[in-house]
Amino acid sequence: MEKIVMLGNEAIARGAYEAGVKVSAAYPGTPSTEISENLVKYDEVYCEWSPNEKVACEVAIGASMTGVRSLCCMKHVGLNVASDPLYSFSYIGVNGGMVLVVADDPGIYSSQNEQDTRMVARAAMVPVIEPSDSQEAKDFIKEAFDLSEKYDTPIIVRTTTRLAHSQGIVTLEERKNIEDKPYEKNIAKNVMMPAQAKARHIFVEKRLKDMAADAEFMSINRLEMNDTKIGFITSGIAYQYVKEVFPKASVLKLGLVNPIPDKMVRDFAAKVDKLYIFEELEPVIELQVKAMGIECIGKELFTVQGEYSANMLRRVLKNEEVKNPSFDVPQRPPILCPGCPHRSVYTALKKLKLHAAGDIGCYTLGALAPLGVIDTAVCMGSSISTLHGMEKARGKEFIKDWVAVIGDSTFLHTGLNSLMNMVYNKATGTVCILDNSITGMTGHQDHAATGKTLKGDATYAVDLVELCKALGVENVRVVSSFDQDELTKVIKEEVAKDAVSVVICKAPCALLKGQIFPNKCVALPEKCKKCGACLKPGCPALTKNADGSVSIDATMCNGCGLCKQMCKFDAIDMVKRA
């Protein structure tokens with residue numbers, strides 16, 4: 001019964017361990033990544049990075065079917081990728097309990113949209129549980145597995161950025177000794193053909209009705225009756241804001257947010273004079289409450305956009321003027337790190353006046369000034385398909401001014417099928433795979449081409465060159481991301497071809513553990529012509545002085561040498577790192 005401080009994500013991992021989980025699969029995505037990175041520390045649990053969320057979900061499904069408890073973790077947009085197996089598995093149900101942890105991103109801190117997982121879950125007819133602090137994050141995971149097996153259903157535990165990355169005191173408990181359930185062949189349950197699916201659909205509808213009826217007695221739903229002049233129905237991190245601003249108000253705190261407990265909601269609403277629904281993002285609870293004919297106030301006062309806060313409640317319901325403390329902090333726009341190989345690639349593309357269909361990763365920052373190369377970014381793996389669609393719509397001449405840009409991890413995630421599609425449909429176009437040997441933006445997770453598993457064990461590393469050739473790409477070239485002359489030459493040659501070509505731009509992430517550049521760049525002001533060529537790539541280590549010359553911050557410089565290559569007057573030197 002030890003008590004320690006844990007991140008929400010760390011507590012979720014601990015809860016899965018205590019629940020007796022044996023298999024966990026995930027694809028890294030902020031704000032969910034640390035769950036797997038913590039869970040892998042428990043030797044009793046098999047943990048893997050899968051190439052994408054669909055595969056991860058199917059791995060967890062397979063484990064559940066054999067009778068063991070399994071976990072699958074992702075961010076909210078990852079659920080879109082995993083939705084295909086999830087919708088069908090909702091009908092099938094579980095053998096061993098299966099839980100999906102899905103982390104939403106209100107405020108869009110690290111995502112391409114602000115979707116609400118509860119909406120997807122309702123469409124898939126999958127129950128959703130939502131904790132509000134680190135202790136509940138651990139406890140609700142355990143409860144989710146029990147409910148999964150009791151009601152024969154996968155369960156989604158929804159978390160958010162604020163919960164995932166905030167800390168709280170957590171009481172640790174022993175791991176449950178869960179016996180594996182026997183595997184029994186059951187075509188009617190496990191094979192989703194039309195006849196079986198029709199019967200299972202009826203089961204799923206009854207399952208949700210049963211859960212809604214039973215939810216009144218579930219400990220994860222809590223009634224806090226105080227002053228009845230004002231009442232709140234809330235869940236998740238929003239509950240904390242309600243308790244901070246209105247500590248004496250009556251609150252119905254929902255842990256199970258799909259399905260919601262009808263009777264419990266009706267009884268609570270009848271006891272309070274004015275009812276507010278306080279929930280981040282979409283009006284999922286509010287619409288259901290209003291559908292019951294219950295008068296309540298929600299999104300007409302509270303936005304569907306961004307994160308909620310205690311100050312929002314103070315402003316909206318108490319008419320208090322909330323002054324945020326002001327700090328004289330210099331603005332730092334999102335920018336590629338000093339020594340990032342992507343900056344060098346984009347510099348070459350800009351020099352060639354090429355547009356780039358972009359993808360999801362660090363390299364999306366190539367859309368911003370001063371690089372301004374990326375024109376599109378939709379979702380994981382979309383760059384190649386977008387380029388293909390452009391070529392089919394506007395022809396080969398149009399595409400001579402374009403390339404697709406995708407990272408090595410993203411290419412293995414969902415880029416493979418798109419490249420295969422280009423070859424199969426006789427396309428023309430150049431794909432630049434920015435191979436920095438890691439999944440970068442989410443914090444350096446390994447993938448199928450790095451040669452290491454989530455556990456850190458050595459494994460087979462997919463050869464991207466041979467993989468592209470196996471897909472039918474005849475023109476595959478590898479070039480150092482930092483060799484500006486060769487990079488420019490190769491890309492120019494490949495874009496001119498009437499064929500599918502792949503240029504693998506290879507250099508490790510500057511922040512990789514153990515990655516040390518042997519040199520640093522030093523400005524030589526006596527040679528500087530003040531032309532500003534070295535500043536064009538936008539490296540934050542370089543600063544333009546008042547007189548037009550350039551200085552280089554030695555503490556920031558990673559010695560990639562890009563600025564030296566840009567200077568035609570030898571006004572930048574390379575010196576050995578001290």
Side-chain angles (χ1 to χ4, degrees), residues 9 12-13 16-17 21-42 45-66 68-89 92 94 96-103 111 117 120 154-157 159 359-361 379-382 406-420 437-464 467:
N9 280 345
I12 288 170
Y17 164 76
V21 168
K22 289 189 175 179
V23 174
S24 173
Y27 181 81
T30 306
S32 70
T33 306
E34 298 88 355
I35 300 170
S36 296
E37 291 177 332
N38 280 281
L39 189 55
V40 75
K41 298 173 184 177
Y42 299 105
V45 185
Y46 167 78
C47 295
E48 74 172 34
W49 289 133
S50 304
N52 62 40
E53 294 86 357
K54 177 180 184 293
V55 173
C57 186
E58 291 160 351
V59 169
I61 287 171
S64 170
M65 285 178 164
T66 67
V68 306
R69 290 186 165 185
S70 63
L71 184 75
C72 181
C73 305
M74 63 200 72
K75 67 184 295 177
H76 63 291
V77 287
L79 184 60
N80 300 335
V81 182
S83 63
D84 192 5
L86 176 64
Y87 272 68
S88 293
F89 195 56
I92 290 171
V94 304
M98 179 182 157
V99 171
L100 295 88
V101 179
V102 184
S111 309
T117 287
V120 179
I155 300 272
I156 289 176
V157 173
T159 180
D359 227 293
I360 305 302
C379 65
M380 295 284 283
S382 64
I406 191 168
D408 47 329
S409 180
T410 310
F411 177 67
L412 295 174
H413 180 281
T414 34
L416 282 169
N417 286 346
S418 299
L419 184 60
M420 177 173 34
S437 304
I438 206 69
T439 308
M441 182 166 273
T442 53
H444 293 170
Q445 290 77 35
D446 286 292
H447 57 70
T450 65
K452 287 185 179 179
T453 66
L454 172 56
K455 192 77 172 175
D457 298 331
T459 186
Y460 174 78
V462 172
D463 187 320
L464 295 182
L467 180 58

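Hydrogens, waters and symmetry mates play no part in the numbers below; they use all other heavy atoms, side chains included.
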Kindly give the heavy-atom pair with the smallest separation between [X] and [Y], and that separation in Å.
X      : Y      : result
Met441 : Gly361 : CE-O, 3.2 Å
Ala449 : Ala461 : O-CB, 3.7 Å
Ala13  : Leu39  : O-CD1, 3.4 Å
Pro28  : Thr442 : CB-OG1, 3.7 Å
Ser70  : Ala60  : OG-O, 2.7 Å

Please identify each residue that fulfils ring-ring contact (aromatic ring centres under 6.0 Å, His included) with [X], with sequence neighbours left out.
X      : answer
His447 : none
Phe411 : none
Tyr17  : Tyr42

Rounded to the nearest 0.5 Å, how far does [atom2] of [Y] lie from [atom1] of [X]?
X      : Y      : atom1 : atom2 : value
Met98  : Met65  : CE    : CE    : 10.0 Å
Met74  : Leu86  : CE    : CG    : 8.0 Å
Ser382 : Ile360 : OG    : CD1   : 6.0 Å
Leu71  : Ser64  : CG    : OG    : 11.5 Å
Thr159 : Asn9   : OG1   : CG    : 6.5 Å
Leu412 : Trp49  : CG    : CH2   : 15.0 Å

Any non-hydrogen side-chain atom of [X] less than 4.5 Å from a side-chain atom of [Y]?
X      : Y      : value
Asp446 : Ile438 : yes
Cys47  : Lys455 : no
Asn52  : Met380 : no
Thr450 : Thr439 : no
Val59  : Val55  : yes
Val81  : His413 : yes
Val99  : Val21  : no

Is it true that a side-chain atom of Ser36 and a backbone atom of Thr33 form a donor plus acceptor pair closer than 3.5 Å?
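Not a single qualifying donor-acceptor pair exists.
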
Counting distance only, does the side-chain N/O of Lys75 pair as donor-acceptor with the main-chain N or O of Ser32 below 3.5 Å?
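It does not hold such a pair.
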
Qualifying side-chain hydrogen bond (donor to acceptor under 3.5 Å, both in side chains) pairs with a residue from residues 77-89, counting only residues at least two apart or across chains
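For residues 77-89: Asn80-Gln115.
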
For Cys72, the option from Pro85, Pro154, Cys57 that meets side-chain contact (heavy atoms from CB on, under 4.5 Å)
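Exactly one option meets the side-chain contact (heavy atoms from CB on, under 4.5 Å) with Cys72, and it is Cys57.
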
Applying salt bridge (charged side-chain N to carboxylate O under 4.0 Å, His left out) as the test, list every pair that has at least one member in residues 32-41; sequence neighbours left out.
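Salt bridge (charged side-chain N to carboxylate O under 4.0 Å, His left out) check on residues 32-41 returns no pairs.
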
Is it true that Tyr27 and Ser409 share a donor-acceptor pair across their side chains at a distance under 3.5 Å?
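Checked: Ser409/Tyr27 side chains pair up, N/O donor to acceptor below 3.5 Å.
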
Kindly write out the residues that satisfy side-chain contact (heavy atoms from CB on, under 4.5 Å) with Asn417, not counting sequence neighbours, or none if the list is empty.
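Testing Asn417 for side-chain contact (heavy atoms from CB on, under 4.5 Å), a comparison that skips the adjacent residues, returns Met420.
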
Working for side chain to side chain contact (heavy atoms under 4.5 Å, CB included), residues Leu416 and Leu467
CA-CA 9 Å; Leu416 282 169; Leu467 180 58; 3.3 Å; yes

